[in-house]
Amino acid sequence: MSDQYSINPAGEQFPMPQPEDYKAEFVRLKRRVEKERKLGREIVVVMGIGFVGVVMAAIVADAVDKKGKSSKFVIGMQRPSTRSYWKIPMLNSGVSPVKAEDPEVEQIIQRCVIDKKTLIATFTYDVLDLADIVVVDVQCDYHKESLGNVRTGRAEMEVFEKSIAIIAEHIPPKALVLIETTVAPGTTEQVAYPLMKKIFKKRGIKSEPLLAHSYERVMPGRNYVASIRDFWRVCSGINKQAKTRVVKFLNEVLNTKKYPLTVMDRPIESETAKIVENSYRATILAFLDEWSLFSERNGVDLIKVIDAIKVRPTHSNMIFPGPGVGGYCLPKDGGLGVWAYKHILGFDDDIFRITPMAIDINDTRGLHAAQLTRDALRNMGKPIAAANIVVLGASYREDVGDTRYSGSEVLIRKLTEMGAEIHIHDPYVEHWWEFELQDSFPTPGQSKARFFRNQEKLKAVRIIHDLKKVLSDADAVVLAVRHEAYLNLNPDDLIKKIGHPAAIIDCFGILNDADIRRYYELGCEVKGLGRGHIHLIKQSVRKSHK
Ligand SMILES: NC(=O)c1ccc[n+]([C@@H]2O[C@H](COP(=O)([O-])OP(=O)(O)OC[C@H]3O[C@@H](n4cnc5c(N)ncnc54)[C@H](O)[C@@H]3O)[C@@H](O)[C@H]2O)c1
């Protein structure tokens, strides 16, 4: 990437701001804010316009008072790195920088930027000088040092701590700082508060920083916007005033009439709620891994087993884990909790067994999907080395363009290590930076490439959007994500596009029994995670063809 341009996923170039641009930008913002204040609007700065911040910013900008008038003016603030700067001009033109299946994302952004004129974006930290409320949506990563051992990792606090320090250096003393970032429990009171207090002291400010915490439960996908606006929230404040302010703010911008707030006594409770909530989810996914193997080895279709159990209302949240559990949250949040127990809260005994184990199981499930692919090819008499393998789905979940910690990445890395040639299709993803920029993405030294050999060629991998083109002459096709486009692929059409029988690997319970049967009739081999009944279908097809 050039230092002068920031390039968006569609390949458009945006010139980076130059030192002389900062002053002019602040003058522009100051004038605009004065105008907005005259209209009686509160000034909200959302720091970090990533997957969460951009939609949260739009929701706040869309809020109206009892008379139906816009009550907030929102400025999304993004640090101008070459990787992220493009989000600012894109948002300022009324176009969402995040891609999702939910049509409301584009609509709400366009409405607020173009029609209501209540949302803009900027690159200068000076905008914090003008804030009544700051919403913190920057990342707090968890760096893992080995594959399948979360305990050896650590919370990457630098970005978050730096963001809090910048806020404290700029904000008016009475501004409310709402931390939405998922943080290690204890962070608001034991990391952010002392940091802000120290900087306030240096600035000669005697009042207490008004810090609050309320975590996001956003689910990028079909209900992206509603999952923030029309959903229950947990919140808390560092003192009475902060608590009152955060409750007031959230009541003004979210649909709390229908989805009431839960107010906790202290930020550590709300921080812990987030970590336990996601560790619970990671655990119920991980425990199905052993039953998935059990099913594969004993002629059982785990998909049907889960459907049978889910009829019982007490068990209705059972979910099949697919080729691993990705997304930004579930692979890391439990790690933040385990790390905080030692490194923020000061204990040195080891009380955690289930939470790290669940993450480790989920992180390595993609390896098994790769083994199934190897075995399916072997059954067709093709060695995996140099086989053409098409992976359908790069995202971590259906109908979103987010590849963070996706199960497909581990699967592809393992297949590549075994020598396969990889071709990828995903309707929502333009570039898979985890491969293309693996020397520096997500940060230098953190790529999962370091856990495998033979990874260099993955830098050249590009996402292909034409299904027919990508499938042509494939030896194996891996159905890796439940994207809408893959749910009803017709076996005859698929094999026609490939041009000959192939190995079909179903990682997500996508194929029904009739499809599986048809693939065998067409001369293919089929395998699936948790789908042990496949070989019974195979036998029955073979018998009827004798
Ligand atoms: N993505 C989800 O589905 C989801 C769901 C629930 C909670 N969360 C939590 O929300 C938080 C944000 O997640 P995300 O998915 O939006 O991450 P993201 O990486 O997409 O966005 C973070 C943004 O903050 C920016 N940033 C970092 N430091 C900054 C600074 N000093 N000033 C301005 N901008 C800065 C980054 O450049 C980036 O654009 C995380 O803690 C995450 O765990 C995410």
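Order of listing sets the numbers, starting from 1, for every ligand and every atom in it.
- Ligand 1 has no N or O atom lying under 3.5 Å from any N or O atom of Ser81, backbone or side chain.
- Between Asp126 and Lys23 there is no salt bridge, since no side-chain nitrogen of the basic residue lies less than 4.0 Å from a carboxylate oxygen of the acidic one.
- Considering backbone and side-chain N/O atoms, Glu180 never comes within less than 3.5 Å of an N/O atom of ligand 1.
- By the 4.0 Å N-to-carboxylate-O rule, Lys72 lies close enough to Glu252 to be salt-bridged with it.
- Ring-centre distance between Tyr259 and Trp232: below the 6.0 Å cut-off.
- Nearest protein neighbour of atom 43 (O) of ligand 1, counting heavy atoms only, is Lys332 NZ, 2.8 Å.
- The main-chain N or O of Val225 is found under 3.5 Å from a side-chain atom of Asp102 such that the two form a donor-acceptor pair.
- Taking a cut-off of under 4.0 Å to the non-hydrogen atoms of Lys274, the atoms of ligand 1 that pass are 6 (C), 7 (C).
- In this structure the side chain of Lys99 reaches within 4.5 angstrom of the side chain of Glu430, judged on heavy atoms.
- Not a single heavy atom of Arg83 sits closer than 4.0 Å to an atom of ligand 1.
- Listed by number with element, the atoms of ligand 1 under 4.0 Å from a non-hydrogen atom of Pro220 are 3 (O).
- Val218 CG1, 3.3 Å is the protein heavy atom nearest to atom 5 (C) of ligand 1.
- Ligand 1 has no N or O atom lying under 3.5 Å from any N or O atom of Val159, backbone or side chain.
- Under a 3.5 Å cut-off, the side chain of Asn8 and the backbone N or O of Pro97 do not form any donor-acceptor pair.
- The shortest N or O to N or O distance between Asp402 and ligand 1 is not below 3.5 Å.
- In this structure, Arg404 counts as a contact residue of ligand 1, since one of its heavy atoms falls inside 4.0 Å of the ligand.
- Taking 4.0 Å as the cut-off, Tyr215 does not count as a neighbour of ligand 1 on heavy-atom distance.
- Proximity of Met56 to ligand 1, defined as any heavy-atom pair under 4.0 Å, is not found for any part of the residue.
- Scanning the protein heavy atoms around atom 34 (N) of ligand 1, the nearest turns out to be Arg79 N, 3.3 Å.
- At least one N or O atom of Ser163 sits closer than 3.5 Å to an N or O atom of ligand 1.
- For ligand 1, the atoms sitting less than 4.0 Å from at least one non-hydrogen atom of Gln139 are 22 (C), 23 (C), 24 (O), 25 (C), 26 (N), 27 (C), 36 (C), numbered in the order shown with element in parentheses.
- Looking at Glu106, its side chain does come within 3.5 Å of a backbone N or O of Ser96 through a donor-acceptor pair.
- Salt-bridge annotation for Arg413 and Glu409: present, with a side-chain N of the basic residue lying under 4.0 Å from a carboxylate O of the acidic one.
- Atoms of ligand 1 found under 4.0 Å from any heavy atom of Glu216, numbered from 1 in the order shown, are 6 (C), 7 (C).
- The ring of Phe51 has its center no closer than 6.0 angstrom to the ring center of Tyr224.
- There is a side-chain donor-acceptor pair under 3.5 Å between Glu208 and Tyr193.
- Within the 4.0 Å heavy-atom cutoff, Met77 counts among the residues contacting ligand 1.
- Here is the list of ligand 1 atoms found below 4.0 Å of a heavy atom in Cys329: 4 (C), 5 (C), 6 (C), 7 (C), 8 (N), 43 (O), 44 (C).
- Scanning the protein for heavy atoms near atom 40 (C) of ligand 1, the closest one is Tyr328 CE2, 3.5 Å.
- In this structure, Phe352 has its ring center closer than 6.0 angstrom to the ring center of Tyr341.
- Checked for salt-bridge contact, Glu216 and Arg233 meet the test: a charged N lies under 4.0 Å from a carboxylate O.
- Contact atoms of ligand 1 toward Thr181: 41 (O) (distance under 4.0 Å to a heavy atom of the residue).
- Arg111 and Asp62 are joined by a salt bridge, as a carboxylate oxygen and a charged side-chain nitrogen come within less than 4.0 angstrom of each other.
- At under 3.5 Å, a nitrogen or oxygen of Val52, whether backbone or side chain, sits near a nitrogen or oxygen of ligand 1.
- Under the 4.0 Å criterion applied to side-chain N and carboxylate O atoms, Glu189 and Arg266 are assigned as salt-bridge partners.
- The shortest contact between atom 37 (O) of ligand 1 and any protein heavy atom is with Gln78 NE2, 2.5 Å.
- Looking only at heavy atoms of the protein, atom 24 (O) of ligand 1 is closest to Gly48 CA, 3.2 Å.
- Looking at Arg217 next to ligand 1, no N or O pair under 3.5 Å apart turns up.
- Remark: side-chain polar atoms of Ser440 are not paired, donor with acceptor, to backbone N or O of Thr443 under 3.5 angstrom.
- Closest to atom 20 (O) of ligand 1, if we only count protein heavy atoms, is Phe51 N, 3.1 Å.
- Under a 3.5 Å cut-off, the side chain of Thr262 and the backbone N or O of Val234 do not form any donor-acceptor pair.
- Using a 4.0 Å cut-off to heavy atoms of Met47, the atoms of ligand 1 that qualify are 30 (C), 31 (N), 32 (N), 33 (C).
- Val138 O, 3.7 Å is the protein heavy atom nearest to atom 11 (C) of ligand 1.
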